[in-house]
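Since the structure comes first, as C-alpha cells, the remarks are kept for the end.
No experiment lies behind these values; they were computed from the predicted model shown. Residue numbers count from 1 along this sequence.
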Amino acid sequence: MEETIPFKNLHSREYQGHKKKVHSVAWNCTGTKLASGSVDQTARVWHIDLHGHGKIKDIELKGHADSVDQLCWDPKHADLIATASGDKTVRLWDARSGKCSQQTELSGENINITYRPDGTHVAVGNRDDELTILDVRKFKPIHRRKFNYEVNEIAWNMTGEMFLLTTGNGTVEVLSYPSLQPLETVMAHTAGCYCIAIDPKGRYFAVGSADSLVSLWNISEMLCVRTFTKLEWPVRTISFNHTGDFIASASEDLFIDISNVHTGRSVHQIPCRAAMNSVEWNPKYNLLAYAGDDKNKYQTDEGVFRIFGFESA
C-alpha cells in the first residue's frame with residue numbers, strides 16, 4: 001500500500017485568513033470544504049479546489065466571544081458545522097450562508113466537540129471535565145456528566161454504540177451509549193491520553209499520549225495492536241486517512257509523522273515550523289490539513305493552516 005502513494009513527491013499549500021493561530025481544522029463529509037477554528041474568535045469555511053489552482057473562497061463564521069477551540073461537521077450534511085468555544089457556547093452554522101442557526105450556552109469553557117456518526121447527537125467536553133450530550137435537532141442537552149478526573153478528547157465508535165473518553169490518568173474510558181454506563185477502562189499509556197481517532201473502517205482506534213507514543217487498539221477486543229514511536233513530545237493530535245491505512249500524528253516535534261497502520265513503520269514526515277494543534281485527513285483523498293502555533297518574523301501569530309498532498313505547490 002505505502003509504495004503506491006509517493007508521499008515524498010507531494011507538496012503543501014498554505015491558506016491565510018485568520019488573525020491569530022488556528023486551533024482546529026476539519027473536513028466536511030464530502031471532502032470539499034475545510035473549516036478552521038481560531039483564537040481570533042472566528043471559524044472560517046474554505047471551499048478547497050482539490051485538483052486545480054482555483055481561487056479559494058472562504059466564508060467567515062462570526063459570533064463567538066472567545067477562542068474557537070474545536071469544530072466538527074455534521075457527518076450526514078456537507079454544509080452544517082458545530083463549533084465549541086471558550087465563551088461557553090456551542091454553535092451550529094450553515095456553511096453556505098455563514099449564519100449561526102442554533103446556539104446553546106453550557107456551564108464552562110468548551111474545548112472538545114464531536115458528532116455521533118449518525119448525526120443525531122453532539123458531545124462537548126469542557127475545561128471542568130464535564131461532558132454534555134446535545135440533541136442536534138432541538139440543540140438542547142440530553143445528558144450531562146461531571147468526571148472527577150481530567151477528560152480530554154472524546155469520540156464515538158463507528159456504530160455510535162460506544163463512547164470513548166481519553167483521560168489524564170493514561171486511560172481510555174469506554175462507555176456504552178446512550179446509557180453512558182461504563183463498559184471498560186483501557187490502561188493505554190503511562191502518562192495522560194490527549195487525543196483519540198477512530199479508524200474509518202471501524203477496526204481500530206488510536207490514542208495519542210503525553211508519553212509521546214501513539215497506540216493502536218483493536219476495537220472489538222480492546223487489545224493494543226502496536227505503537228508508533230516516531231514523536232518525542234506529547235502527542236496533541238492524530239488522524240487516520242480515509243482508507244485506514246495511514247495515521248498522521250503531531251506534537252511539539254517540528255514534523256508531522258505519517259505511519260503505515262499495518263506495519264507501524266513511519267513512511268513520511270512533513271516538516272513544520274511550530275508545534276501542531278490539529279491534523280485531519282480528508283475523508284475521500286490523501287490530503288492532510290494541519291495547523292499549529294506558527295509565528296511570523298515579528299513573533300506574532302500567522303493564523304495559517306496548510307494542506308499536504310498536492311502534486312504541485
Side-chain angles (χ1 to χ4, degrees), residues 20-26 35-43 61-74 80-93 100-116 120-136 138-156 160 162-175 177-182 185 191-198 207-210 234-238 277-278 280 291:
K20 293 190 173 162
K21 70 182 177 187
V22 177
H23 263 179
S24 181
V25 284
S36 52
S38 169
V39 178
D40 70 10
Q41 307 185 0
T42 70
L61 309 182
K62 283 175 85 154
H64 280 298
D66 201 342
S67 171
V68 179
D69 274 339
Q70 208 175 31
L71 37 75
C72 60
W73 292 84
D74 185 320
L80 295 183
I81 182 166
T83 55
S85 168
D87 66 8
K88 299 188 176 180
T89 69
V90 177
R91 292 173 185 242
L92 206 55
W93 309 79
C100 174
S101 57
Q102 302 258 40
Q103 73 176 77
T104 187
E105 186 163 328
L106 303 178
S107 61
E109 294 178 46
N110 303 308
I111 51 174
N112 286 303
I113 187 165
T114 188
Y115 261 95
R116 193 171 186 218
T120 56
H121 297 162
V122 167
V124 185
N126 71 17
R127 278 194 200 287
D128 305 319
D129 308 313
E130 188 169 23
L131 174 72
T132 305
I133 312 276
L134 299 169
D135 176 300
V136 171
K138 304 189 182 74
F139 222 61
K140 293 274 186 289
I142 50 172
H143 298 289
R144 270 207 181 91
R145 176 152 324 168
K146 176 109 167 77
F147 294 91
N148 57 2
Y149 46 79
E150 177 186 310
V151 172
N152 295 312
E153 217 172 37
I154 49 182
W156 271 278
M162 270 195 303
F163 190 77
L164 300 102
L165 307 99
T166 58
T167 82
N169 309 331
T171 66
V172 179
E173 300 297 332
V174 184
L175 311 178
Y177 196 81
S179 73
L180 294 180
Q181 292 303 308
T185 295
C193 297
Y194 287 159
C195 50
I196 187 164
I198 308 290
V207 179
S209 166
V235 183
R236 295 181 172 195
T237 174
I238 55 178
N277 296 317
S278 182
E280 190 167 278

Exercise for the section: Answer with yes or no whether the side chains of E105 and T89 bring together a donor and an acceptor at under 3.5 Å. Expected result: no

Handout entry: Distance in Å, S107 OG paired with K88 NZ, rounded so as to fall on 0.5 Å steps
Key = 7.5 Å

Handout entry: Short side-chain donor-acceptor distance under 3.5 Å, W156 and T114
Key = no

Exercise for the section: Count the heavy atoms belonging to other residues, nucleotides or ligands that lie under 6.0 Å from NZ of K146, then report whether that count exceeds 12. Expected result: yes

Practice task
Can you see which heavy atom on N126 is nearest to which on D128, and at what distance?
Solution key: OD1-N, 2.8 Å

Problem - Distance-minimising heavy-atom pair for L131 and A123 - result: CD1-CB, 4.1 Å

Practice task
For the pair V22 and S278, evaluate side-chain contact (heavy atoms from CB on, under 4.5 Å) and give the outcome as yes or no after the intermediate values.
Solution key: CA-CA 8 Å; V22 177; S278 182; over 6 Å; no

Exercise for the section: For residues A291 and V25, report the shortest heavy-atom separation together with the two atoms involved. Expected result: CB-CG1, 4.1 Å

Handout entry: Side-chain H-bond candidate by donor/acceptor type, T171 with T167, under 3.5 Å
Key = yes

Exercise for the section: Taking the side chain as every heavy atom from C-beta outward, state whether R144 and L106 have any pair of such atoms under 4.5 Å apart. Expected result: yes

Handout entry: Side-chain donor/acceptor of N110 to backbone N/O of A84, under 3.5 Å
Key = no

Fill in the blank from the handout: Correct closest heavy-atom pair for V68 and A43 would be CG2-N, 4.3 Å

Practice task
Spell out, as yes or no, whether a donor-acceptor pair under 3.5 Å connects the side chain of Q70 to the backbone of I113.
Solution key: yes

Completion exercise
One should read off an interatomic distance between T42 OG1 and L61 CG, to the nearest 0.5 angstrom, of 7.5 Å

Problem - Short side-chain donor-acceptor distance under 3.5 Å, N277 and H23 - result: no

Practice task
To the nearest 0.5 Å, tell me how far D40 CG sits from K62 NZ.
Solution key: 9.5 Å

Practice task
Kindly determine whether V136 and T120 satisfy side-chain contact (heavy atoms from CB on, under 4.5 Å), including the steps that lead there.
Solution key: CA-CA 6 Å; V136 171; T120 56; 5.8 Å; no

Practice task
Measure up the F163 and Y177 rings against each other and bin them: parallel (under 30°), tilted (30 to 60°), perpendicular (over 60°).
Solution key: tilted

Exercise for the section: Find out whether D69 and R127 are in side-chain contact, i.e. whether some heavy atom of one side chain is under 4.5 Å from a heavy atom of the other. Expected result: yes

Practice task
Return yes if some donor-acceptor pair links the side-chain N/O of D129 with the main-chain N/O of F147 below 3.5 Å, else return no.
Solution key: no

Practice task
Would you mind reporting whether T185 and N169 have side-chain heavy atoms less than 4.5 Å apart?
Solution key: no

Problem - Donor-acceptor pair, side chain of R116 and main chain of H121, under 3.5 angstrom - result: no

Practice task
For residues T132 and P141, report the shortest heavy-atom separation together with the two atoms involved.
Solution key: CG2-CB, 3.8 Å

Completion exercise
So CD1 of I133 and CG of L180: to nearest 0.5 Å the spacing works out to 5.5 Å

Completion exercise
The reported gap from CG in L175 to CE in M162 (rounded to nearest 0.5 angstrom) is 10.5 Å

Fill in the blank from the handout: What one should report as the nearest heavy-atom pair of S209 and A191 is OG-O, 3.4 Å

Exercise for the section: Mark yes or no for whether T104, through its side chain, and K140, through its backbone, hold a donor-acceptor pair below 3.5 Å. Expected result: no

Completion exercise
The reported gap from CG in L134 to OH in Y115 (rounded to nearest 0.5 angstrom) is 9.5 Å

